[in-house]
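The analysis underlying the following values was restricted to heavy atoms, covering all of them including side chains, and did not include hydrogens, waters or symmetry mates.
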Amino acid sequence: MESSVSEKAIDSCEPRVSLRRLSLVVLAVLVLYRLFVLVALPTDQLIRYSNDDTCYYLGIGRNLAAGEGLTFDGLHRTNGFHPLWQLISTAPFLLGLGTDAAWRFLLALTVIIWGVGLWYLRRIILRRWGPAAALLALLVCLWPQIYNNSTCGMEVTLTFTLLMCGIDLLERRGIGKLNAPPGVETGLGVLLALVFLSRLDTAFLHLAAGVYFLRAYLRGGAAHGRGIRDFLARGLRLFGPTVLALAGYLVWNKLSFGHFFAISGALKSSFPIPCLNLGQFLMYRELGVFAVAALIWLAVRRRSNEPWLRILAWGLAGQLLYLLFFLKWAPFAYYLIALGLPVGLFALADFQKRLLPVDGRLYRWLVPLATAVVIAGQVLSWHRQGYGFQRATYEGALWARDNTSEDAVLAMRDSGIFGYFCERSCINLDGLVNDYEYQRWVSADRLGDYFDETGVDYFVHHALPTEDYESRETLSFYIPGRLYGGEAIYVLSNDDLVFTSRPYRYGFGMSSLTLGIWRLSQ
């Protein structure tokens, strides 16, 4: 009898052991496949996995390492970045790497950091929901919308990993139970400060954590013999590092740039005036739906949620509301990786644990099927991107590098990839990595005077409708004043057009576009 019971116990455990190992295999695939791609593909194909913002960081990092300060174009100081990731983006140039090698280094570092974050996430899910849920969560991370946005070289991957490390610390050391040692609380406080410095809009998460901490004290502090002095001491350990980081950041901005906030955030935000833009919000596609569905599920299951999961969910809800009501332009899906991805995966794990059966036989066909689906998704994603914006911009950058003088000055909107790879001074006309003063020139419609003032030799435009430059003698370009209103209009002659890229399509159903470069008359 005892033998049969023991055999049944072993049989029931065997699928769990297999699923645990399978989850490790999937985690290894997530990291090693992308690292292989980074080594195997030539730059003109690999560039599709990067984006402008990655290259803004690298461009500033290159100038910073060369002693030119915080500037993307070498002419104007800027604070359009998240501080901790900007520091990391400077590292490859301090190591002596060149343009292409530094870019690949940062992408590879992003993949490794994300792999560490997924390892922590797997530990948390294994502990709370079991190996089947962990395997399912990691399989979801293979989906192109999540995979590509998590490994594109941006700061959200670091934010995600720091958060997973913090949650693991919470789980193991009992901070949520009001009984953690002071040193552990201080360590978590430093982690929270690093989360803030890695991505500034995690302020919503910090606010949620502060509200929960105050609520927990008011409800249970007295019962645990906690007085006001203990409450203040614990609050200082947990939130003091973030407050110091925030205060230092704001003071540095004010003293260095005359404004408290980064130029990139100021240009994109309409706060406190709402500007509901559902069309932009829908550009998040799968990640946005995933995050919203997760919040709905967690709201239904709120009584069984862990404290840290509630804090994450509140922080994500605040971020989503802000993006929906106050983000004026240029939303990107990777914004949701730091908070939306873990909340979605934890909600999925809870859903699987409660509603889906854990059966080893089920996963024998589910894993191959899921793997086939995500591979098909990767292939479709690759095919859909084709020769797109990134490759056209890279092609134009190589032309500029080979056909302009080293002291040439270019100006372009969406200039990250172009400005970084052309290895020339390239002014960002969106203003995201420019200075505040540039916005006054735009609002006064004095772009031509600004070009004369800064010595611009070439004007670059990446979204030139093919039929326009083929049928018109002159073209007018409009640049909106994102900060002070108004707009600037700049007129160019097609006689000055010196380069056009191959035509490409940007987004579903859009007309054919071309990148063009004009030599400005002196």
Side-chain angles (χ1 to χ4, degrees), residues 124 159-160 162-171 173-180 182 184-224 226-247 249-250 261 265 269 271-272 274 291-292 294-326 335-336 338-344 346-347 350:
I124 296 164
T159 310
F160 167 81
L162 290 171
L163 282 173
M164 295 305 97
C165 180
I167 292 172
D168 187 65
L169 182 64
L170 278 168
E171 284 273 282
R173 302 308 294 269
I175 295 176
K177 300 180 177 66
L178 302 176
N179 60 359
V184 175
E185 290 185 336
T186 302
L188 181 64
V190 172
L191 264 178
L192 286 173
L194 292 175
V195 166
F196 170 75
L197 292 174
S198 69
R199 186 160 178 88
L200 301 175
D201 64 1
T202 55
F204 294 105
L205 177 71
H206 292 78
L207 179 61
V211 169
Y212 181 84
F213 178 71
L214 177 61
R215 230 176 100 186
Y217 173 78
L218 293 176
R219 288 186 173 185
H224 289 81
R226 306 285 183 175
I228 187 66
R229 292 181 63 182
D230 179 78
F231 169 74
L232 292 176
R234 298 186 75 235
L236 186 62
R237 290 193 293 267
L238 287 170
F239 302 106
T242 298
V243 172
L244 287 176
L246 174 61
Y249 174 74
L250 293 176
F261 302 106
S269 174
F271 186 83
V292 171
L295 287 178
I296 293 172
W297 172 260
L298 294 178
V300 172
R301 303 296 310 174
R302 63 185 183 278
R303 291 187 179 180
S304 62
N305 292 341
E306 293 295 321
W308 50 263
L309 187 50
R310 295 180 199 173
I311 293 171
L312 273 179
W314 294 348
L316 174 61
Q319 183 192 34
L320 288 172
L321 289 173
Y322 182 84
L323 294 175
L324 179 60
F325 287 100
F326 298 108
Y335 289 1
L336 296 178
L339 295 180
L341 178 60
V343 169
F346 290 140
D350 190 63

To the nearest 0.5 Å, what is the distance between [atom1] on [X] and [atom2] on [Y]?
X      : Y      : atom1 : atom2 : result
Ile311 : Glu306 : CD1   : CD    : 11.0 Å
Phe160 : Leu162 : CZ    : CG    : 11.0 Å
Trp308 : Ile167 : CH2   : CD1   : 5.5 Å

By side chain to side chain contact (heavy atoms under 4.5 Å, CB included), Leu250 pairs with (sequence neighbours left out) Leu246, Phe260, Phe261
Kindly write out the residues that satisfy side chain to side chain contact (heavy atoms under 4.5 Å, CB included) with Phe325, not counting sequence neighbours, or none if the list is empty.
->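 Residues passing side chain to side chain contact (heavy atoms under 4.5 Å, CB included) with Phe325: Leu276, Leu321.
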If every non-hydrogen atom of [X] is compared with every non-hydrogen atom of [Y], which pair is closest and at what distance?
X      : Y      : result
Ala291 : Leu320 : CB-CD1, 4.4 Å
Arg237 : Thr186 : CD-OG1, 3.5 Å
Gly315 : Phe204 : O-CB, 3.6 Å
Ile124 : Asp168 : CD1-N, 4.0 Å
Ala313 : Leu298 : CB-CD1, 4.0 Å

With a 4.5 Å heavy-atom cut-off, do [X] and [Y] have their side chains touching?
X      : Y      : answer
Asp350 : Leu309 : no
Leu336 : Leu341 : no
Trp314 : Leu207 : no

Which word best sums up how the rings of Phe271 and Tyr322 line up, parallel for under 30°, tilted for 30 to 60°, or perpendicular for over 60°?
->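 Aromatic pair Phe271/Tyr322 classed tilted.
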Derivation and outcome, side chain to side chain contact (heavy atoms under 4.5 Å, CB included), residues Leu205 and Leu163 | CA-CA 10 Å; Leu205 177 71; Leu163 282 173; 3.2 Å; yes
All N/O donor-acceptor pairs, side-chain side in residues 189-200, below 3.5 Å, sequence neighbours left out:
{"from": "Ser198", "atom 1": "OG", "to": "Thr159", "atom 2": "OG1", "distance (Å)": "2.8"}
{"from": "Ser198", "atom 1": "OG", "to": "Leu194", "atom 2": "O", "distance (Å)": "3.4"}
{"from": "Ser198", "atom 1": "OG", "to": "Val195", "atom 2": "O", "distance (Å)": "2.7"}
{"from": "Arg199", "atom 1": "NE", "to": "Asp201", "atom 2": "OD1", "distance (Å)": "3.1"}
{"from": "Arg199", "atom 1": "NE", "to": "Asp201", "atom 2": "OD2", "distance (Å)": "3.3"}
{"from": "Arg199", "atom 1": "NH1", "to": "His82", "atom 2": "NE2", "distance (Å)": "3.2"}
{"from": "Arg199", "atom 1": "NH1", "to": "Glu155", "atom 2": "OE2", "distance (Å)": "2.4"}
{"from": "Arg199", "atom 1": "NH2", "to": "Asp201", "atom 2": "OD2", "distance (Å)": "3.3"}

Without swapping roles, check the side chain of Gln319 against the backbone of Gly340 for a donor-acceptor pair under 3.5 Å.
->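 It does not hold such a pair.
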